[in-house]
Amino acid sequence: MKTILLIEDERNLSRFIELELRHESFEVTVAYDGKRGLELALQQEWGVILLDLMLPGMDGIEVCRRIREVKRTPIIMLTARDSLKDRISGLDSGADDYIPKPFAIEELLARIRVVFRRQEDTSEAAMQLLTFQDIRVNLDSRNVTRGGKTIDLTKREYDLLLAFMRNTNRVLGRETLLDMVWGFEAGVETNVVDVYVRYLRNKMDNPNEDSCIQTVRGIGYVMRQ
């Protein structure tokens with residue numbers, strides 16, 4: 001669910017915006033003053049915050065500044081004050097975007113969609129990197145490093161490492177690993193898993209340290225802290 005915090009003291013406007021956002025399947029929480037809005041902003045994680053500039057209790061500039069001290073949540077500032085100075089003040093306080101009132105709801109929705117698309121793009125980029133302790137695997141380049149040092153792996157060794165890193169703290173039996181890495185190739189016995197685990201350990205493990213891939217006697221292997 002995509003969550004939005006709306007901090008707006010004009011009740012009719014806030015109700016209208018809330019209904020439109022809910023119609024677009026967003027989950028919306030509304031605060032009607034700056035202090036309550038700041039409290040909610042800091043208590044929970046939000047996909048985006050819609051923040052009015054002129055608020056009772058604490059104005060939007062101060063709310064934005066305080067949020068920015070501890071969080072990077074995207075903030076779109078809403079305000080009837082549309083002077084260049086006001087826009088600069090809003091952006092300098094940490095707002096990501098600025099939309100003057102009155103505005104078409106379609107424009108606000110479009111700007112919100114842009115924020116969520118950027119978050120999805122960032123999330124997808126993060127998914128291209130697998131990490132475990134000081135091991136890093138870039139899925140795009142297939143580059144593997146440990147402690148900053150590049151590790152050259154064969155295709156089977158790389159696929160076996162991915163199986164472990166995508167299932168950290170989960171004990172994987174030899175049959176399971178065989179299916180995950182070799183599929184249903186004819187003539188491959190489960191002992192080939194032991195052989196490739198040994199290859200992988202020889203390349204990945206640091207001298208005088210426990211192996212990053214632990215043996216679970218009678219079952220298989222696990223990668224865990």
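- When all heavy atoms are compared, the tightest approach of C64 to A95 is SG-N, 3.4 Å.
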* Asked: Can R136 and N143 be said to form a side chain to side chain contact (heavy atoms under 4.5 Å, CB included), step by step?
  -> CA-CA 8 Å; R136 303 287 184 272; N143 184 56; over 6 Å; no
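- Between the side chain of R22 and the main chain of V28, a donor-acceptor pair closer than 3.5 Å is present.
- A donor-acceptor pair under 3.5 Å links the side-chain atoms of N138 to the main chain of S141, judged by distance alone.
- Checking side-chain atoms of W182 against main-chain N and O of V193 turns up no donor-acceptor pair under 3.5 Å.
- Here the CZ-CE distance, from F132 to M204, works out to 10.0 Å after rounding to the nearest 0.5 Å.
- Shown here is D140, whose CG atom has more than 12 heavy atoms of other residues, nucleotides or ligands within 6.0 Å.
- Put simply, the side chain of L160 does not reach to within 4.5 Å of the side chain of I213, judged on heavy atoms.
- In this structure, C212 and D205 approach most closely via the heavy-atom pair N-OD1, 3.2 Å.
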* Asked: Run the salt bridge (Lys or Arg N to Asp or Glu O under 4.0 Å) check on R15 and E18 step by step: do they pass?
  -> CA-CA 5 Å; R15 182 57 177 165; E18 179 185 6; 3.3 Å; yes
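- If you take CG on L5 and CD1 on I67, they are separated by 7.5 Å, rounding to the nearest 0.5 Å.
- Side-chain contact between E24 and I112: absent, with no pair of heavy atoms (C-beta onward) separated by less than 4.5 Å.
- Tested against I4 for a side chain to side chain contact (heavy atoms under 4.5 Å, CB included), the candidates I17, V48, V30, T29 yield a single pass: V48.
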* **Pair D179-T176, side chain to side chain contact (heavy atoms under 4.5 Å, CB included): steps then yes or no** => CA-CA 5 Å; D179 287 344; T176 299; 5.9 Å; no
* List the steps, then state whether salt bridge (Lys or Arg N to Asp or Glu O under 4.0 Å) holds for K155 with D159. => CA-CA 6 Å; K155 181 182 184 303; D159 291 343; 2.8 Å; yes
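- The hydrophobic cluster containing L6 also contains F103, counting ILVMFWY residues as joined when their side-chain heavy atoms lie under 4.5 angstrom apart, directly or transitively.
- Checked against the 6.0 Å centroid criterion, the rings of F116 and F26 qualify as a close aromatic pair.
- The cluster map of Ile, Leu, Val, Met, Phe, Trp and Tyr, joined by side-chain heavy atoms under 4.5 Å apart, puts L109 and V114 in different clusters.
- Here the side chain of T3 pairs a donor or acceptor atom with the backbone of G47 at under 3.5 angstrom.
- Residues I49 and V63 fail the side-chain proximity criterion, which asks for heavy atoms closer than 4.5 Å.
- Here the straight-line distance linking atom OG of S14 with atom CG of D9 works out to 8.0 Å at 0.5 Å rounding.
- Around atom CG of N12, no more than 12 heavy atoms belonging to other residues, nucleotides or ligands sit under 6.0 Å away.
- Residue V115 is tested with D96, I75, I76 for a side chain to side chain contact (heavy atoms under 4.5 Å, CB included); the sole match is I76.
- Few gaps surround CD on Q44; more than 12 heavy atoms of other groups in view lie less than 6.0 Å from it.
- The other residues sharing a hydrophobic cluster with V222 are V171, V216, I219, where clustering joins ILVMFWY side chains under 4.5 Å apart.
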* Take T215 and R201, measure what side-chain hydrogen bond (donor to acceptor under 3.5 Å, both in side chains) needs, and give me the verdict at the end. => CA-CA 11 Å; T215 300; R201 283 172 169 168; 2.8 Å; yes
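- Between Y221 and D194, some side-chain heavy-atom pair lies under the 4.5 Å cut-off.
- Counting only heavy atoms from C-beta outward, the side chains of T79 and Y98 approach each other to under 4.5 Å.
- Closest of all the heavy-atom pairs between L40 and W46 is O-NE1, 3.0 Å.
- One finds the CD1 atom of I7 at 10.0 Å from the CG atom of L78 (value rounded to the nearest 0.5 Å).
- For the atom pair CD (E27) and NZ (K2), the distance works out to 13.0 Å, reported to the nearest 0.5 Å.
- Distance alone, capped at 3.5 Å, places no donor-acceptor pair between the R36 side chain and the A31 backbone.
- Tracing side-chain contacts under 4.5 Å through hydrophobic residues (I, L, V, M, F, W, Y), one reaches L139 starting from M165; they form part of the same cluster.
- For the pair D52 and L13, the minimum side-chain heavy-atom distance is 4.5 Å or more.
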Please report, to 0.1 Å, the donor-acceptor pairs under 3.5 Å made by any side chain of residues 53-61, with sequence neighbours excluded.
from : atom 1 : to  : atom 2 : distance (Å)
D59  : OD1    : I61 : N      : 3.1
D59  : OD1    : E62 : N      : 2.8

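- In this structure, R156 contributes its side chain and V181 its backbone to a donor-acceptor pair below 3.5 Å.
- Taking 4.5 Å as the limit, some side-chain heavy atom of K101 sits within range of a side-chain heavy atom of E8.
- Atoms CZ and CG, from R224 and N167 in turn, are 13.5 Å apart once rounded to the nearest 0.5 Å.
- Between S93 and R68 the shortest heavy-atom distance is O-CG, 3.8 Å.
- Here the side chain of K71 pairs a donor or acceptor atom with the backbone of A41 at under 3.5 angstrom.
- Nearest heavy atoms, E157 versus L200: O-CD1, 3.7 Å.
- When all heavy atoms of L177 and A163 are compared, the closest pair comes out as CD2-CB, 4.2 Å.
- Ionic pairing of R66 and E69 is not present here: no N-O contact between side-chain nitrogen and carboxylate oxygen is shorter than 4.0 angstrom.
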